[in-house]
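Since the structure comes first, as structure tokens, the remarks are kept for the end.
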Amino acid sequence: MEIPTETQPEVEILNKLMKKTLISGVLIGVAFALYHNFALMPEYQGLNEGLSNYILKSGLNDTGSLNLITAVLYDYRAFDSLGESTVIFGAVSGIVLILSRKMLPVSSKGLSFIVKRTLGIMTPFIALFGFYVITHGHLTPGGGFQGGVILAAISIIFSIVYGSAFDYRRYSPQTKTALETGGALTFLGLGLAGILMEGAFLHNLGFLTAETGTLISAGSIPYINIGVGFKVGAGLAIIFYSMIQKTFEEDF
Amino acid sequence: MFNNLIFIILFMLGFYALVMKTNLIKNVIGLNLMEAAVFFWVISFSDIGGEVSIHKLGEEVTKFNDPVPQALTLTGIVIGASTAALLLTLIMELNKFSGTIDRDQLEELND
Amino acid sequence: MEVLEIILVVFLVFSALMTVRFDEELISIIFLSIFSLILTALYLLHKAADVALAEAVIGAGLNTAIFMSAISQIRHGDSD
């Protein structure tokens, strides 16, 4: 037996009004709770004591890297960067598992001739800039994550401007998977070498160090940067390639 | 005081887009807005007027900004992008299966 | 630089408001990209160089590309 769906219009309007009032009440309640939270917070103590004071005073002597944020991310808290790489790895695995049903590379025509020639000249410089940002992570702003995403942008440019068949021929998904696995194994290998040589997981290895301010300094931080850069770049390129694979099915 | 108010406005805008809109892609955009509001507040709260946190060779700079919140924000930005990519993949598959991206129509499909 | 920060924050709130308002998804994604760009300038104003570089590359580059490639493959239902 079906319930008759015609109610009176006044009851419907009243229902909608009550629902809107309830939801606005919830939103105003949450906003008020957030505002009250700021009234209860203690004063900002500045950097006179605590963890940040220690890092600012003795970051250069402990690690040898000029960039303090890279010293925090890859030496003092390197375990958190390992966790972040694992999160990216999990997202890439999930996306490839859901979307990998079509195995043949299908392609579109790409963009016009002017765009193709212009980007053909610009792409080596983008790759050079990406490698610069990765390897100089301990001297200038940058590091593994930023440079890795710049390298992934090259694969995105290939897929959009030249068509996805060009991207399949140039860097097949097997190559990208090999690069990602290589990066992850570099990170873990340096961590285990820290156990063998210094006694703690992901401890900064002190060998191969020249004076501070040159490229080969700061222990094992440049090598961790290279590993993380390849891993993040290859992972994000795989994500984009899997997501547009199904666009051109109707186009073909 | 100023930064607290801006954080509350941006966070409530993202929360409104997450709860009140029935389009699934609007929900993902609202999630991104909430995360961006939190990162903005963390960086602007820990700013004491110092320099960029990089030592210069041969010069002594006395006042640096705090490097620990910046490292945490860097991690958060990358994780936010990965989460959004996975959510959008699930929405694409759901749309292929049922033909709609509306939350209410998907609930009716359950009956 | 108080005046510059106030101007940028006003544009930030305005673009966040425009993101939520419209019904069509393409307009929302473009305003999200503008939001990321203004956020990059604000990070640089607070002297956080690494975070500004990461937000510029990820927020305005990768996030927009992924969102655009997702909405080009959906088909709308009968209503709305």
Side-chain angles (χ1 to χ4, degrees), chain A residues 27 67-74 84 88 91-92 95 99 108 126 129-130 132-134 136-161 164 225 229 232-233 235-251, chain C residues 1-2 5 9 12-14 16-26 28-30 32-80:
Chain A
L27 286 179
N67 193 356
L68 286 174
I69 301 171
T70 304
V72 169
L73 261 182
Y74 296 106
E84 176 181 359
I88 295 180
V92 168
I95 289 178
L99 283 182
S108 78
I126 298 179
F129 182 62
Y132 165 78
V133 167
I134 288 182
H136 283 72
H138 54 284
L139 300 173
T140 58
F145 291 105
Q146 289 95 324
V149 178
I150 293 179
L151 286 183
I154 295 180
S155 183
I156 294 181
I157 286 176
F158 278 166
S159 293
I160 294 180
V161 174
S164 66
N225 266 336
V232 169
L236 293 172
I238 291 177
I239 285 182
F240 189 76
Y241 179 73
S242 302
M243 278 173 84
I244 67 163
Q245 183 65 344
K246 300 169 62 170
T247 306
F248 304 122
E249 270 182 32
E250 293 99 29
D251 223 4
Chain C
M1 294 301 251
E2 282 296 322
E5 183 174 354
V9 163
L12 193 80
V13 173
F14 173 71
L17 207 66
M18 288 293 129
T19 305
V20 176
R21 209 192 96 163
F22 289 103
D23 266 342
E24 194 179 328
E25 296 103 2
L26 185 62
S28 287
I29 292 172
I30 292 178
L32 192 69
S33 172
I34 294 178
F35 178 83
S36 258
L37 177 69
I38 300 181
L39 201 56
T40 303
L42 270 175
Y43 283 149
L44 207 56
L45 213 61
H46 283 291
K47 303 280 179 48
D50 274 23
V51 181
L53 190 55
E55 175 70 33
V57 184
I58 294 180
L62 198 84
N63 230 2
T64 307
I66 286 184
F67 271 99
M68 288 287 188
S69 86
I71 71 164
S72 74
Q73 298 181 37
I74 59 172
R75 276 168 293 134
H76 281 275
D78 296 334
S79 71
D80 267 320

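At a 4.5 Å heavy-atom cutoff, the contact between C:Leu53 and chain A is made by backbone and side-chain atoms alike. With a 4.5 angstrom heavy-atom cutoff, A:Ile156 touches chain C only via side-chain atoms.
Listed here is the closest heavy atom pair of A:Gln146 and C:Asp50: NE2-O, 3.1 Å. Counting all heavy atoms, side chain and backbone alike, A:Met243 lies closest to C:Gln73 at O-NE2, 2.7 Å. Between C:Ser69 and A:Ile244, the closest heavy-atom pair is CB-CG2, 3.7 Å.
More than 12 non-hydrogen atoms from other residues, nucleotides or ligands lie less than 6.0 angstrom from CZ of C:Phe22.
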